[in-house]
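Chain naming here is simple, since letters A, B, ... match the order of the sequence lines and numbering starts at 1 in each.
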Amino acid sequence: MSKKPRTAITPTREENFPEWYQQVIKAADLAESSPVRGCMTVKPYGWAIWENMQNIFDPWLKDYGVQNCSFPVLIPVSFLSKEAEHVEGFAKECAVVTHHRLEKDPENGGLRPAPSAELEEPYVVRPTSETIIGDAMSRWIQSYRDLPMQLNQWGSVMRWEMRTRIFLRTSEFFWHEGHNAYADHEGAKGDCLHILDLYEKFFTEILAIDGYKGIKTADERFPGANETYAFEAMMQDGKALQAATTHDLGTNFSKTFDIKYQTKDGGEELCHTTSWAFSTRMIGGLIMMHGDDDGMVMPPRIAPQQIMILPVIKDDATAAEITEFCEAIAVQLKAQGIRAKVDTRDMRTPDKMWDAIKKGIPLRVEIGGREMEAGEVTTVRRDIGRDSKQTISVDQFVNDAESMLDAIHDDMLVRSRTFRDENTVLAGSVMEIDDFFSEDKIGFIRAPVEILEDEALAAVMKKHGLSTRNMPFIDEGSTVLIAKAY
RNA sequence: CGGAAUGUGGCGCAGUCUGGUAGCGCGUUCGCCUGGGGGGCGAAAGGUCGUGGGUUCGAGUCCCGCCAUUCCGACCA
């Protein structure tokens, strides 16, 4: 009587992808929704992923010349209103601070904003910081010698979203936002392209997620940008996830915030500014890219725990000895900079295993009396599962651990690429697009850009909930990607 | 903000139609046996039934408001 092995996550991806996504977050203990509408509480295991993202990416920015700093979380409403397109884009989703004091509410005994403490000018909780950083840059940049100015801050922003999902879209989310200023268009454009390359490197080499770099169509541009460049990844359900963007803001913000510099010959010119970001949304991307029906599958380089060592203890007599044996191996792994840990919790072994599986720890190591006697370990790769179970000597394992993790990363990246390629479909007409999505197929459509001129396109896009993702560099602007998106 | 659904111990649900002292599974705690992909037996703890009103002798159950979550749409990283 062979029963189909129970999956750790119900429902499965195939049964109900959005619900599966929620359940993975819960099972892996990444985050939960909070008492604050639309906001999430990121739990330690989830936050550890974000910390790793910061720790890895931040030095890359520093190496490029970017300096970190911090601007206020509150922005004067008057700042936001200066750039016309920018206001239009963000005004409708701003949380507004109007008072600076609470007082006892005579009506119900609770607290209320004190009417006497109303601010003359309200603030918005920053939805993004172009304006307040533009204001600073106008004072900080005087001469061509001050350029380029490359600033970044790690922080959170707030956008009052109508519909939220943990990591993918929450009212408050964490990100880094870079804001650079250059003397001319070439500088700004080069900046956008360079940082997009850094993002690509980060997504492929660290997160094992490949996608498409490209230029956004006009209607998908950032409010206030002349050009938006984006990295678009394909999730397992075929929907697109905009993973990161860089914006060429031209002189739009320089004009409104008076960001000018004196040229070598004494003239006065407007700066060309850029802004660029990725966010905690990428944690959602990791889940939807790599997760399976048993939960999270962490790419090794971002995994908070890369190797989990499970002592398999049968009786109290050998417990201490086995644990010690495990700890000694962990020490050797840690000496190589590997994030390894022995699970010494007072739980049943199978429960520990499932916990490691649901959390997506890349490599699980089981060590019981048998292994200890023989000087061996049993390893299991999370991305492959029980079929990858193998027993090797401790020495070999310690020696190969790093390359085993690299192999996991490489395989995950190849799978990501293969999936993307297999689900990117060429289409030459609006009808083909309609047919594709009418048949419930998933993936990206790659169509000639001329299709954007076709008057029938809008209706089909609307019918299937599609949007243009970008015009990918690989086709040098001759095609456009069309897909459903997060 | 429109359409739909849901809110009952930590989690998943039944109970609501037909009002009458709040139940089940998992998890948790304790004990014993166990321990290499979710084990067994026994005991125990744990709930203002989302919230505020109303109807009633009596409300988880009926009526109204509000809030939250999820899904679909519009909007968006």
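The interatomic distance linking Glu32(A) (CD) with G10(B) (P) rounds to 13 Å, in whole Å. Going from atom CG of Asp351(A) over to atom P of G39(B) covers 6 Å, rounded to whole Å. Going from atom CD1 of Ile209(A) over to atom C1' of A77(B) covers 14 Å, rounded to whole Å. Asp29(A) has its CG atom 13 Å from the C1' atom of C11(B), to the nearest Å. Distance, Ile25(A) CD1 to C11(B) C1': 16 Å, rounded to whole Å. If you measure from atom NZ of Lys92(A) to atom C1' of A74(B), you get 11 Å, rounded to the nearest angstrom. Rounded to a whole Å, the CE atom of Met40(A) is 16 Å from the C1' atom of U69(B). Rounded to a whole Å, the CH2 atom of Trp160(A) is 18 Å from the C1' atom of A77(B).
If you take atom C1' in A59(B) and the same atom in G12(B), they sit 25 Å apart, rounded to whole Å. Distance check on atom P: G15(B) versus G39(B) gives 29 Å, rounded to whole Å. Nucleotides U56(B) and U70(B), compared at atom P, are 38 Å apart to the nearest Å. Here the separation of U61(B) from U18(B), taken at their C1' atoms, is 10 Å to the nearest Å. A74(B) and C64(B) have their P atoms separated by 31 Å, with the value rounded to a whole Å. When the P atom is used for both U6(B) and C62(B), the distance is 12 Å, rounded to whole Å.
Using a 4.0 Å heavy-atom criterion, one finds that Thr164(A) contacts the sugar-phosphate atoms exclusively. Within 4.0 Å of Ala243(A), counting heavy atoms only, lies no atom of the nucleic acid at all. At the heavy-atom level, Thr378(A) lies under 4.0 Å from base atoms of the strands shown. In this structure, Lys358(A) reaches the bases: a heavy-atom distance under 4.0 Å links it to at least one base atom across the strands shown. Using a 4.0 Å heavy-atom distance criterion, Gly385(A) is classed as a base contact. Backbone-only contact: Arg165(A) has heavy atoms under 4.0 Å from sugar-phosphate atoms and none from a base. Using a 4.0 Å heavy-atom distance criterion, Leu168(A) is classed as a base contact. Within 4.0 Å of Met162(A), counting heavy atoms only, lies at least one base atom of the nucleic acid. Within the 4.0 angstrom heavy-atom criterion, base atoms lie near Glu366(A).
The aromatic rings of His464(A) and Phe437(A) are tilted relative to each other, their planes meeting at an angle between 30° and 60°.
Using a 3.5 Å distance cut-off with no hydrogens or angles, the side chains of His247(A) and Thr228(A) do pair a donor with an acceptor.
Searching all strands for a Watson-Crick or G-U wobble partner of U6(B) with both distances below 3.5 Å returns A68(B). Pair check for G73(B) finds C1(B); Watson-Crick or G-U wobble, both atom distances under 3.5 Å.
Salt-bridge check for Asp197(A) with Lys201(A): failed, with every basic side-chain N at 4.0 Å or more from each acidic carboxylate O. By the 4.0 Å N-to-carboxylate-O rule, Asp135(A) lies too far from Lys82(A) to be salt-bridged with it.
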Is there a side chain to side chain donor-acceptor pair (under 3.5 Å) between Ser393(A) and Asp395(A) once you walk through the steps? CA-CA 5 Å; Ser393(A) 75; Asp395(A) 288 346; 5.5 Å; no
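Between Ile367(A) and Trp175(A), it is Ile367(A) whose nearest contact on RNA chain B lies nearer the 5' terminus.
The base of G38(B) does not come close enough to the side chain of Arg348(A) for any donor and acceptor atom to sit less than 3.5 Å apart.
In summary, of the residues considered (Phe202(A), Tyr199(A), Trp50(A)), a ring pair (Phe, Tyr, Trp, His ring centres under 6.0 Å) with His176(A) occurs for Tyr199(A) alone.
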